[in-house]
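A short worksheet on the structure shown next.
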Amino acid sequence: MDIIRTPDDRFSGLTAWPYTPRYTNIARGDGSGTLRVHHIDEGASASDPTTETILCMHGEPTWSYLYRKMIPVFTAAGHRVVAPDLVGFGRSDKPTAMTDYTYQRHVDWMAEWLTTNELTNLTLVCQDWGGLIGLRLVAQFPERFARVVTANTFLPTGDRDPGEAFRAWRTYSQTTPDFNVGKIVQGGCAQRPIGEEHVAAYDAPFPDDSYKAGARIFPTLVPSDPNDPSAPANRAAWEVLSTYTKPLLTAFGDSDAITGGSEKHFKKIIPGCEGQAHTIIAGGGHFIQEYKGEELATIVNAFIAEGMST
């Protein structure tokens, strides 16, 4: 496995992202060495036993910068915030071949990152692929999670049609000669433009196309057929989640053509959804953290506070 690393100077001018980078080395998974995974760790001290830790997991083709509007709301409430970059994204290492990326490998990479950093008592906040991977982690390590917030995400098994919008996105990702990450993120927001500064920030991890193998391949890794190689593992995860009684809240945007309606499956299947203050956020596009980040963070804080009081 060959890897490349985005130069640090690509991130030096991001005024909206003042956070100290932290790194964890994990196994590549092919016996060829290690990968460096980036995350930020802000707010309350992990050594305080009363600390609530919020794990923010991004999706495709973003990085932890997506949570920049939410992090201050979380830390102001006294919480600790940990936000990693998936392998192939942000400041994390980037294998150069699309074949280096599989769904299972992404789960394995983040599972090792999670356990190496000894993260526990977590509130997972996940969107897009952050849910496809994060919910697998919940199923694998339920004891490490206190509660879950799903926002514009799903956990597909290939047993239902992913929809025309997703099929169009998958085709585009594999055929467009210019995979313009910043513009893709802007196009997935219900309110546009998001500002050239932020478009540039989403482009920052990708100096050229050689850095985009992970971003390119991700849409093809979503199980969209019952025989997909990742479908059995996701079905097994649903078996665990169907018995998950810890609180799970859905907070979806009302303007997401990709995942809209998926909140119904969580509420129908997962026992921990019962009695929660599920919400549909008006004006929330696929990248709900962009224009509705503060609102979503406030909802998460209230969800944590409710759990702490019971």
Q) If we ignore angles and hydrogens, is there a donor and acceptor under 3.5 Å between the side chains of Thr176 and Asp178? A) no
Q: Go through Phe206 and Trp63 one step at a time and tell me if the ring pair (Phe, Tyr, Trp, His ring centres under 6.0 Å) criterion holds.
A: CA-CA 11 Å; Phe206 309 106; Trp63 56 292; 9.3 Å; no
Q. If you measure only the distance, is there a donor-acceptor pair under 3.5 Å linking the side chains of Glu197 and Thr15?
A. yes
Q) If you round to the nearest 0.5 Å, how far is OG of Ser242 from CD1 of Ile270? A) 8.5 Å
Q) Checking Asn234 side chain against Pro156 main chain: does a donor-acceptor pair fall under 3.5 Å? A) yes
Q. Just how far is it from atom OH of Tyr211 to atom CG of Asp209, taken to the nearest 0.5 Å?
A. 11.5 Å
Q | Side-chain (Thr6) to main-chain (Pro205) donor-acceptor, under 3.5 angstrom | A | yes
Q | Between Gln289 and Arg68: side-chain donor-acceptor atoms closer than 3.5 Å | A | no
(Q) What I'd like to find out is whether the side chain of Glu295 reaches to under 4.5 Å of the side chain of Ile288, using heavy atoms alone. (A) no
Q: Could you give me the CA-CA distance, side-chain angles and deciding distance for Glu118 and Arg144, then say whether salt bridge (charged side-chain N to carboxylate O under 4.0 Å, His left out) is met?
A: CA-CA 9 Å; Glu118 300 181 339; Arg144 292 181 179 269; over 6 Å; no
(Q) Hydrophobic clusters here meaning ILVMFWY residues chained together by side-chain heavy-atom distances under 4.5 Å, can you tell me if Ile71 and Leu14 are in one? (A) yes
(Q) Whether the Asp41 and Tyr19 side chains hold a donor-acceptor pair (N or O, under 3.5 Å, no angle test) is what I'd like checked. (A) no
Q: Give a yes or no answer on whether the side chain of Lys94 reaches the backbone of Gly90 with a donor-acceptor pair at less than 3.5 Å.
A: yes
Q.
Quick check against the 3.5 Å criterion: does Trp109 have a side-chain atom that pairs as donor or acceptor with the backbone of Arg28?
A. yes
Q. Taking side chain as C-beta onward, heavy atoms only, is Arg170 less than 4.5 Å from Tyr172?
A. no
Q | Nearest heavy-atom neighbours spanning Glu42 and Thr20 | A | OE2-N, 3.9 Å
(Q) Within the structure provided, determine whether Pro223 and Thr157 are in side-chain contact (heavy-atom separation under 4.5 Å). (A) no
Q. Going from CG on Asn117 to CD1 on Ile26, what distance comes out if it is rounded to the nearest 0.5 angstrom?
A. 10.0 Å
(Q) Using side-chain heavy atoms (C-beta onward) and a distance below 4.5 Å, is Leu135 in contact with Phe154? (A) no
Q | Candidate pair Thr250 and Val149, rule side-chain contact (heavy atoms from CB on, under 4.5 Å), full reasoning | A | CA-CA 6 Å; Thr250 64; Val149 179; over 6 Å; no
(Q) Is the shortest side-chain heavy-atom distance between Thr123 and Val148 below 4.5 Å? (A) no
Q: I would like to know whether Leu119 and Trp113 meet side-chain contact (heavy atoms from CB on, under 4.5 Å); could you show each step before the answer?
A: CA-CA 9 Å; Leu119 295 175; Trp113 171 85; 3.5 Å; yes
Q: Please say whether more than 12 non-hydrogen atoms of neighbouring residues, nucleotides or ligands are located less than 6.0 Å from CD in Glu274.
A: no
Q | Listed partners of Thr53 passing side chain to side chain contact (heavy atoms under 4.5 Å, CB included), at least two apart | A | Thr51, Arg80, Val82, Leu122
Q: Under the side-chain contact (heavy atoms from CB on, under 4.5 Å) rule, what do His278 and Cys273 come out as? Steps first, then yes or no, please.
A: CA-CA 8 Å; His278 304 289; Cys273 289; 3.7 Å; yes
Q. Do side-chain atoms of Asn180 reach the backbone of Lys183 as a donor and acceptor pair under 3.5 angstrom?
A. yes
(Q) Using ring centroids (six-membered ring only for Trp), state whether Trp238 and Tyr244 fall under 6.0 Å. (A) no
Q: Measure the acute angle between the ring planes of Phe266 and Phe252, then classify it against the limits of 30° and 60° as parallel, tilted or perpendicular.
A: tilted
Q) After noting the C-alpha distance and the side-chain angles of Ile40 and Trp17, does the key distance pass the side-chain contact (heavy atoms from CB on, under 4.5 Å) rule? A) CA-CA 10 Å; Ile40 62 103; Trp17 191 253; 3.8 Å; yes
Q: Please check if the side chain of Glu263 supplies one atom and the backbone of Thr150 the other of a donor-acceptor pair under 3.5 Å.
A: no
Q: Could you state whether Ile281 and Val73 fall into the same hydrophobic cluster, counting links through intermediate Ile, Leu, Val, Met, Phe, Trp or Tyr residues with side-chain heavy atoms under 4.5 angstrom apart?
A: no
Q: Could you name each residue pair satisfying salt bridge (charged side-chain N to carboxylate O under 4.0 Å, His left out) that touches residues 244-259, not counting sequence neighbours?
A: none
Q. Taking the six-membered ring for Trp, is the centroid-to-centroid distance between Phe89 and Phe218 below 6.0 Å?
A. yes
Q. At what distance, to the nearest 0.5 angstrom, does CD1 of Ile304 lie from CD1 of Ile299?
A. 12.5 Å
Q.
Quick one, Ile194 and Tyr202 - any side-chain contact, counting heavy atoms below 4.5 Å?
A. yes
Q) In Å and rounded to the nearest 0.5 Å, what is the OG1 to CG distance from Thr279 to Leu249? A) 8.0 Å
**Q.** For Tyr23, side chain to side chain donor-acceptor pair (under 3.5 Å) partners two or more places apart
**A.** Arg91
Q. For the side chain of Arg105 and the backbone of Asp100, is there at least one donor-acceptor N/O pair under 3.5 Å apart?
A. yes
Q | Glu294 side chain to Lys69 backbone, donor-acceptor under 3.5 Å | A | no
Q | Any donor-acceptor pair under 3.5 Å from Tyr101 side chain to Pro95 backbone | A | yes
**Q.** Residues in side chain to side chain donor-acceptor pair (under 3.5 Å) contact with Arg235, at least two apart in sequence or another chain
**A.** Asp159
Q.
Could you tell me if the side chain of Leu66 sits less than 4.5 Å from the side chain of Gln127, heavy atoms only?
A. yes
Q) Can Thr96 and Asp2 be counted as having a side-chain donor-acceptor contact under 3.5 angstrom? A) no
Q. Do we see a donor-acceptor contact under 3.5 Å between the side chains of Thr259 and Asp128?
A. no
Q.
Run Asp85 and Tyr65 through side-chain hydrogen bond (donor to acceptor under 3.5 Å, both in side chains) and show every step you take.
A. CA-CA 9 Å; Asp85 293 338; Tyr65 185 84; over 6 Å; no
Sequence neighbours left out, cut at 3.5 Å: what donor-acceptor pairs do the side chains of residues 55-62 make with other protein atoms?
| residue | atom | partner | partner atom | Å |
| --- | --- | --- | --- | --- |
| His58 | ND1 | Thr62 | O | 3.2 |
| His58 | NE2 | Leu86 | N | 2.9 |
| Thr62 | OG1 | Gly59 | O | 3.2 |

Q. Taking Asn152 for the side chain and Gly260 for the main chain, is one N or O donor matched with an acceptor at less than 3.5 Å?
A. no
**Q.** For the student: nearest non-hydrogen atoms of Ile184 and Phe287, plus distance
**A.** O-CE1, 4.0 Å
**Q.** Which atom of Gly187 lies closest to which atom of Arg192, heavy atoms considered
**A.** O-NH1, 3.3 Å
Q) Do the side chains of Thr75 and Val81 get nearer than 4.5 Å, heavy atoms only? A) yes
Q.
Suppose we screen for salt bridge (charged side-chain N to carboxylate O under 4.0 Å, His left out). Which residues come up paired with Arg5, at least two apart in sequence or across chains?
A. Asp93
Q) Should Phe141 and Val240 be counted in the same cluster of Ile, Leu, Val, Met, Phe, Trp and Tyr side chains packed under 4.5 Å apart? A) no
Q. How far does OH of Tyr67 sit from CE of Met70, to the nearest 0.5 angstrom?
A. 6.5 Å
